[in-house]
Amino acid sequence: MNGSSFARLAVVISGRGRNLQALHAAIADGRIAARIVGVISNRADAEGLAFAGAAGLPCFVLPHVEYRDRASFDAALAAQLRELRADIVVLAGFMRILTADFVRSFEGRLLNIHPSLLPRHKGLDTHASALRDGDAEHGATVHFVTPELDGGPRVIQGKFTIGAHDDAARLAERVMMDVEQRIYPQAVAWMARRELRFEQGSVVFRGRPLLEPLSLHDLEPGF
Ligand code: GAR
């Protein structure tokens, strides 16, 4: 982390950017001691870019279709993040698989949010998958990113009971509004305060190894 008390945050998106908006709101009202130094999208048409532009956040588009392979896209992304001197890289609805080389070079600074109770339902279509499996509960997980897809150590999970009237669209909405918008700003706030760290492959929270992910009960007032 840099010497100042504000962490330099880069937010990487592909889509609507509702997590980006929640992070921005939490910075604006002082819950996260950070500054968004850049919003990077792999799609020029990502809705989140319109929000970021209107909010005056520096935006960068790296269209993945213009790179010859995954490694060259990741190299460009890494170069952009280095230029921004990002302390924390927040994947917020970024829908690309990252190479192991990229992940290793940002190890410990790279957070992701995934719309399921990991390790259940890795990958895509998590809401339909939870319904198909007859799960009683669903939710979202913030985790450190490691080369294993959606497999890095978990920081915090928020969950709720699936209702009889929940279809995949309704589950997506509940996950976003009731869980993601709360747990991601909280996790980033802890990172920015250095209360949350990644050490030798494990999560350390307030100086102790975190054996189980934190939950909605652990949120601080305001989150
Ligand atoms: C979120 O639900 C996030 O968990 C999911 O995409 C959505 C993005 O919404 N991410 C993934 O599936 C990553 N594999 P947003 O763009 O409005 O923040």
Side-chain angles (χ1 to χ4, degrees), residues 9-27 32 36 38-55 57 59-62 64 70 73-74 77 88-100 102-103 106 110-132 135 137-160 162 166-188 213 216 223:
L9 222 69
V11 184
V12 188
I13 65 169
S14 300
R16 286 175 66 180
R18 287 162 298 171
N19 278 299
L20 164 67
Q21 291 186 43
L23 292 166
H24 181 259
I27 289 171
I32 303 179
I36 297 178
V39 174
I40 305 175
S41 173
N42 65 308
R43 305 181 60 104
D45 62 354
E47 275 178 62
L49 284 174
F51 165 79
L57 301 173
C59 295
F60 305 88
V61 180
L62 300 178
H64 62 273
R70 203 171 280 285
F73 172 82
D74 284 8
L77 180 59
I88 306 172
V89 179
V90 184
L91 306 181
F94 179 61
M95 303 306 285
R96 280 184 62 82
I97 294 172
L98 294 163
T99 55
F102 176 93
V103 171
F106 287 90
L110 200 50
L111 283 176
N112 184 42
I113 192 158
H114 184 75
S116 79
L117 297 174
L118 289 172
R120 294 189 66 68
H121 314 302
K122 295 179 177 179
L124 299 174
D125 299 324
T126 57
H127 313 300
S129 166
L131 290 170
R132 195 185 51 237
D135 290 6
E137 293 178 318
H138 191 43
T141 307
V142 176
H143 65 95
F144 281 103
V145 178
T146 60
E148 187 196 341
L149 180 67
D150 299 329
R154 298 167 302 166
V155 171
I156 182 168
Q157 279 187 326
K159 60 184 173 187
F160 56 80
I162 296 180
D166 282 328
D167 57 14
R170 168 128 175 96
L171 282 185
E173 196 63 18
R174 292 185 71 190
V175 164
M176 172 58 65
M177 303 315 293
D178 301 345
V179 180
E180 296 196 2
Q181 301 252 318
R182 303 178 68 199
I183 65 174
Y184 217 4
Q186 174 70 87
V188 174
L216 293 177
F223 286 97

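Fair warning: this is a prediction, and the values are worked out from it, not measured in the lab. Counting starts at 1 for both ligands and their atoms, in listed order.
Within the structure, the closest approach of Ala140 to ligand 1 does not fall below 4.0 Å when heavy atoms are considered. Heavy-atom distances between Ile113 and ligand 1 reach below 4.0 Å in at least one pair.
Here the protein heavy atom with the shortest distance to atom 13 (C) of ligand 1 is Met95 SD, 3.7 Å. For atom 14 (N) of ligand 1, the nearest protein heavy atom (residue, atom name, distance) is His114 ND1, 3.8 Å. In terms of protein heavy-atom proximity, atom 12 (O) of ligand 1 is closest to Pro115 CD, 3.4 Å. When only non-hydrogen protein atoms are considered, atom 16 (O) of ligand 1 lies nearest to Gly17 N, 2.8 Å. Summary of contacts: the protein heavy atom closest to atom 6 (O) of ligand 1 is Gly93 CA, 3.8 Å.
When atom types are taken as modelled, the side chain of Arg182 and the backbone of Leu216 share no donor-acceptor pair closer than 3.5 angstrom. Of the possible donor and acceptor atoms, none in the side chain of Thr126 sits under 3.5 Å from a partner among the backbone N and O of His121. Not one N or O on the side chain of Gln157 forms a donor-acceptor pair closer than 3.5 Å with the backbone of Gly139. Judged purely by atom type and a 3.5 angstrom limit, Arg154 uses its side chain to pair as donor or acceptor with the backbone of Leu118.
Between the choices Glu180, Arg18, His121, the shortest heavy-atom distance to atom 4 (O) of ligand 1 belongs to Glu180.
Residue Asn19 has at least one heavy-atom neighbour below 4.0 Å for each of these atoms of ligand 1: 1 (C), 18 (O).
Counting non-hydrogen atoms of neighbouring residues, nucleotides and ligands closer than 6.0 angstrom, the CZ atom of Arg43 reaches no more than 12 such neighbours.
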Kindly determine whether His114 and His143 satisfy side chain to side chain donor-acceptor pair (under 3.5 Å), including the steps that lead there. CA-CA 8 Å; His114 184 75; His143 65 95; 5.7 Å; no

What's the verdict on salt bridge (charged side-chain N to carboxylate O under 4.0 Å, His left out) for Glu137 and Arg120, showing C-alpha distance, side-chain angles and the deciding distance? CA-CA 11 Å; Glu137 293 178 318; Arg120 294 189 66 68; over 6 Å; no

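Inclusion of Met176 in the set of residues having an N or O under 3.5 Å from an N or O of ligand 1 is not warranted.
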